[in-house]
Amino acid sequence: MTMTLEQVAQAMVAPGRGILAADESSGTIKKRFDSIKTESTADSRRDYREMLFRSNDAMKNYISGVILYDETLRQKAKDGTPLAKIISDAGSLPGIKVDAGTKPLQFSPGEVITEGLDKLPERVKEYVALGAKFAKWRAVIDIGAGIPSYTCIKANSHALARYAAICLEGGLVPIVEPEVLMDGAHDIDRCAEVTEWVLKDVFQELYYNRVTLEQIVLKPNMVISGKKSPKQASREEVAEKTVKVLKRTVPAAVPGIAFLSGGQSDEDATAHLHLMNAMGKLPWNLTFSYGRALQAAALKAWSGKPENEAAGAKAFAHRAKMNGLAAAGKWAQGLEKAA
Ligand code: 13P
């Protein structure tokens with residue numbers, strides 16, 4: 001049974017479920033493995049990811065889709081089953097990161113542009129044949145002295161919209177991810193201002209590139225204080241300001257918004273999502289597409305040791321459940337301690 005692009009987009013943001021971002025590039029996963037003193041090899045990466053994807057109940061109940069890196073989409077589990085099949089057998093959709101990472105943006109010190117449009121139509125075709133149902137492209141906007149610039153926002157939203165159009169033409173639902181980083185010393189209001197500007201421009205470019213909004217999923221940052229800001233906004237303020245910016249910028253035709261975690265603590269990422277969903281009726285489904293906030297505890301519990309696989313899977317299942325509840329507005333702080 002083939003699903004339409006609209007059906008795939010809706011399934012990705014189905015109530016109470018969200019997306020696992022497991023698409024770390026070889027460089028990024030090496031950094032994560034360094035933190036648990038584990039060598040990053042094709043086999044260790046496979047073993048770690050197989051542990052997550054085989055957390056059957058968590059996958060079935062709370063994970064609507066998994067974003068994979070090129071290597072993982074082609075990899076087989078220890079018993080020979082393709083990893084993508086383990087994901088689809090659990091009732092979840094396999095997806096693929098198609099961007100080629102960021103490069104310095106010309107004449108714009110401190111800013112980057114995401115590359116990867118070359119030969120993208122051909123790659124999309126291959127990924128569809130390998131079983132992918134959706135794709136991801138991440139644009140990165142930093143906040144600092146004199147940045148972001150108009151040039152950076154324009155170049156990145158144009159690339160995002162070109163990517164989205166290419167994916168839709170080739171049969172993949174595009175996750176459109178413009179990430180305003182939370183690394184700076186700016187306060188929450190500066191984040192709100194920049195996020196609003198970026199999202200306005202992204203939707204303008206999507207329109208000019210004839211992207212059907214019912215067929216995409218938006219993956220934005222939350223509106224949050226910079227990590228180095230002395231003024232840290234409360235969880236309630238983050239939830240309230242994020243929803244305010246989204247209401248100003250994201251058309252109701254978009255079926256769902258799946259946030260990135262961006263360096264928030266596991267519990268903050270969950271609490272913020274819960275508070276937004278607990279606010280009452282919104283025009284779109286709000287869920288998660290977390291990398292670090294879904295994996296950090298599992299990575300630590302596993303620590304590269306086969307004998308820790310059950311503990312790693314358990315830690316992942318817990319965060320998946322907490323975030324699934326948050327996506328339904330049914331999380332409570334007390335549920336964390338019960339684990
Ligand atoms: P984080 O949740 O760790 O920010 O990762 C999500 C992601 O896919 C970034 O592109």
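Numbers here simply count residues along the sequence, with the first being 1. We use all heavy atoms of the structure for the numbers below, so side chains are in, but hydrogens, waters and symmetry mates are not. In each ligand, atom 1 is the first atom listed, and ligand 1 is the first ligand listed.
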- prompt: Is there a nitrogen or oxygen of Gly291 sitting under 3.5 Å from a nitrogen or oxygen of ligand 1?
  reply: yes
query: Can you tell which of Glu177, Met182, Arg32 gets a heavy atom nearest to atom 9 (C) of ligand 1?
result: Glu177
field: Residue-ligand contact Gly262/ligand 1, heavy atom below 4.0 Å
entry: yes
- prompt: Gln295: heavy atom below 4.0 Å from ligand 1, yes or no?
  reply: no
field: Interfacing atoms of ligand 1 (cut-off 4.0 Å, heavy-atom, Ser261)
entry: 1 (P), 2 (O), 3 (O), 4 (O)
query: Do the side chain of His272 and the main chain of Asp268 share a donor and acceptor less than 3.5 angstrom apart?
result: yes
query: Relative to the heavy atoms of Tyr290, which atoms of ligand 1 are at a distance of less than 4.0 Å?
result: 2 (O)
- line: For Arg292, the atoms of ligand 1 under 4.0 Å from one of its heavy atoms are 1 (P), 2 (O), 3 (O), 4 (O)
query: Can you check whether Phe53's main-chain N or O pairs, donor with acceptor, with Ser55's side chain at less than 3.5 Å?
result: no
field: With Ile153, the side chain to side chain contact (heavy atoms under 4.5 Å, CB included) member among Val202, Asp201, Ile147
entry: Asp201
message: Looking at Arg138 and Gly101, would you say the former's side chain and the latter's main chain have a donor-acceptor pair under 3.5 Å?
response: no
- prompt: salt bridge (charged side-chain N to carboxylate O under 4.0 Å, His left out) with Arg54: which of Asp79, Asp47, Asp89?
  reply: Asp79
field: Ser44 side chain to Glu39 backbone, donor-acceptor under 3.5 Å
entry: yes
- line: Closest to atom 7 (C) of ligand 1 by heavy-atom distance, out of Lys219, Arg138, Glu179, Gln264, is Lys219
- prompt: For ligand 1, which atoms have a heavy atom of Lys136 less than 4.0 angstrom away?
  reply: 7 (C), 8 (O), 9 (C), 10 (O)
message: Taking a cutoff of less than 4.0 Å between a non-hydrogen atom of the residue and any ligand atom, is Ser289 in contact with ligand 1?
response: yes
- request: Measure from the side-chain N and O atoms of Gln295 to the backbone N and O of Ala21, and report whether any donor-acceptor pair falls under 3.5 Å.
  value: yes
